[in-house]
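Worksheet: the structure to be examined is printed underneath.
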Amino acid sequence: QAGVSLHAAPGAGKKKPSGKLWAAIRLFNNLAEEWYRQLLSWRYQRKGYIVVYDRHFQFDFEYDNGTKGQKRRLSDRIHRWCLAKLYPRPDLVIYLDAPADVLFARKGEATLEWLESRRRSFLDQEAKTPGFIRVDATQSLKAVCREVGGRIMEFYEARQSGTTGSSHQLAQRWERPRTAAEARRD
């Protein structure tokens with residue numbers, strides 16, 4: 001055949017999938033991953049384990065990611081709707097809170113503006129999320145670990161004994177000033 005190169009790049013001349021198809025594939029993949037992790041979570045919870053997510057999908061997707069004022073893609077709007085309406089909420093959220101300058105000094109990643117915007121996005125979720133507990137991450141590592149571990153165990157024990165009505169009520173009980181003895185231990 002005339003005009004056909006034997007040296008053309010592999011796949012040259014093949015039609016690439018459209019942007020809409022890739023968006024649908026990406027949406028399916030995201031939802032499949034999220035639901036797979038949720039199914040694993042439920043499996044371990046039935047066995048009596050406490051399941052800890054480093055970061056729950058709900059919070060990652062709530063962050064605007066620089067799209068304020070811009071129209072989101074249809075696949076992103078569908079994804080957001082699925083997470084908001086169908087995906088289970090965490091029973092307990094522990095947010096390690098530190099100002100942007102502290103985070104930047106610790107890790108040196110991103111910009112102060114981005115870190116503060118991300119922090120604000122998470123803090124905006126506090127009023128909307130039952131069982132959201134903010135832990136002061138400017139404390140010593142030992143103090144933060146003690147507080148987080150204590151809150152998880154208190155939640156677990158309350159859940160096991162059936163003494164708590166909701167994670168929100170339990171979180172409200174935790175919102176108390178630390179005693180002098182607790183502060184001295186740190």
Side-chain angles (χ1 to χ4, degrees), residues 9-100 102-104 106-135 137 144-145 148-149 151-152 155-156 159 166-168 170-171:
K14 291 184 182 179
K15 190 175 179 182
K16 293 183 179 181
S18 73
K20 291 178 183 179
L21 177 60
W22 279 119
I25 291 170
R26 186 179 59 248
L27 173 62
F28 176 79
N29 185 61
N30 287 339
L31 292 172
E33 176 187 357
E34 291 156 1
W35 281 102
Y36 172 74
R37 289 183 185 199
Q38 183 59 46
L39 290 171
L40 284 178
S41 174
W42 283 333
R43 180 178 176 202
Y44 279 96
Q45 287 175 35
R46 275 194 316 275
K47 292 180 179 185
Y49 288 90
I50 297 172
V51 177
V52 177
Y53 284 79
D54 172 39
R55 191 174 310 119
H56 195 271
F57 295 113
Q58 168 193 351
F59 297 99
D60 262 350
F61 208 72
E62 282 299 320
Y63 178 62
D64 282 327
N65 212 10
T67 59
K68 273 197 169 158
Q70 297 176 12
K71 187 173 180 180
R72 295 184 188 282
R73 295 183 299 219
L74 176 61
S75 61
D76 287 344
R77 292 192 314 261
I78 293 170
H79 189 205
R80 179 182 287 267
W81 184 89
C82 289
L83 287 176
K85 303 295 184 190
L86 304 175
Y87 201 73
R89 298 280 190 232
D91 294 321
L92 179 65
V93 174
I94 299 176
Y95 175 65
L96 305 180
D97 183 30
V102 171
L103 295 175
F104 187 78
R106 288 179 180 173
K107 295 188 82 175
E109 295 176 359
T111 65
L112 289 172
E113 295 78 24
W114 185 86
L115 291 168
E116 188 56 36
S117 171
R118 183 88 170 155
R119 178 178 182 241
R120 284 280 127 225
S121 177
F122 281 107
L123 291 176
D124 288 346
Q125 294 302 307
E126 184 172 13
K128 303 174 193 174
T129 306
F132 187 103
I133 296 167
R134 187 179 350 170
V135 173
V144 170
C145 289
V148 168
R151 289 178 177 217
I152 291 171
F155 176 80
Y156 177 76
R159 169 78 50 96
S166 71
S167 55
H168 182 67
L170 189 57

For this session: Measure the CG-CD distance between L103 and E116 for me, rounded to the nearest 0.5 Å.
Result: 9.0 Å
For this session: Any chance you could lay out the side-chain hydrogen bond (donor to acceptor under 3.5 Å, both in side chains) test for Q125 and H56, step after step, and finish with the verdict?
Result: CA-CA 12 Å; Q125 294 302 307; H56 195 271; over 6 Å; no
Exercise. So does Y44 have more than 12 non-hydrogen atoms from other groups sitting under 6.0 Å from OH?
Worked result: no
For this session: To the nearest 0.5 Å, tell me how far R119 CZ sits from D97 CG.
Result: 4.0 Å
For this session: State the CD-CG distance between Q38 and L31, to the nearest 0.5 angstrom.
Result: 13.0 Å
Problem set entry | Contacts of F28 that satisfy ring-ring contact (aromatic ring centres under 6.0 Å, His included) - sequence neighbours left out | none
For this session: Mind listing the closest non-hydrogen atom pair of L92 and I152 along with its distance?
Result: CD2-CA, 4.4 Å
Problem set entry | Any residue meeting side-chain hydrogen bond (donor to acceptor under 3.5 Å, both in side chains) with R43, in chain and number order, not counting sequence neighbours | none
Exercise. Of all heavy-atom pairs between L115 and E109, which one has the smallest distance, and what is that distance?
Worked result: CD1-O, 3.6 Å
Problem set entry | Spacing of OG belonging to S41 relative to CZ belonging to R46, to within rounding of 0.5 Å | 10.0 Å
For this session: Enter the distance from N30:CG to I25:CD1 here, rounded to the nearest 0.5 Å.
Result: 12.0 Å
For this session: Would you please classify the geometry between the F122 ring and the Y95 ring as parallel, tilted or perpendicular, with 30° and 60° separating the classes?
Result: parallel
Exercise. How close do W42 and P88 get, heavy atom to heavy atom, and via which atoms?
Worked result: CZ2-CG, 3.4 Å
Seminar exercise, completed: The ring-ring contact (aromatic ring centres under 6.0 Å, His included) partners of W35 (sequence neighbours excluded) come to Y87
Problem set entry | Approximate separation, where rounding is to 0.5 Å, of K20 NZ and S75 OG | 11.5 Å
Exercise. In terms of heavy-atom contacts, does CZ of R37 have more than 12 from other residues, nucleotides or ligands at under 6.0 Å?
Worked result: no
Problem set entry | Residue pair R134 / R151: nearest heavy atoms and the distance that separates them | O-NH1, 4.3 Å
Exercise. Is the backbone N or O of W114 less than 3.5 Å from a side-chain atom of T111, with the two atoms forming a donor-acceptor pair by type?
Worked result: yes
Problem set entry | S121 side-chain N/O to S117 backbone N/O, donor-acceptor pair under 3.5 Å | no
For this session: Grab the two heavy atoms, one from R89 and one from A84, that are nearest each other, plus how far apart they are.
Result: NH2-O, 3.4 Å
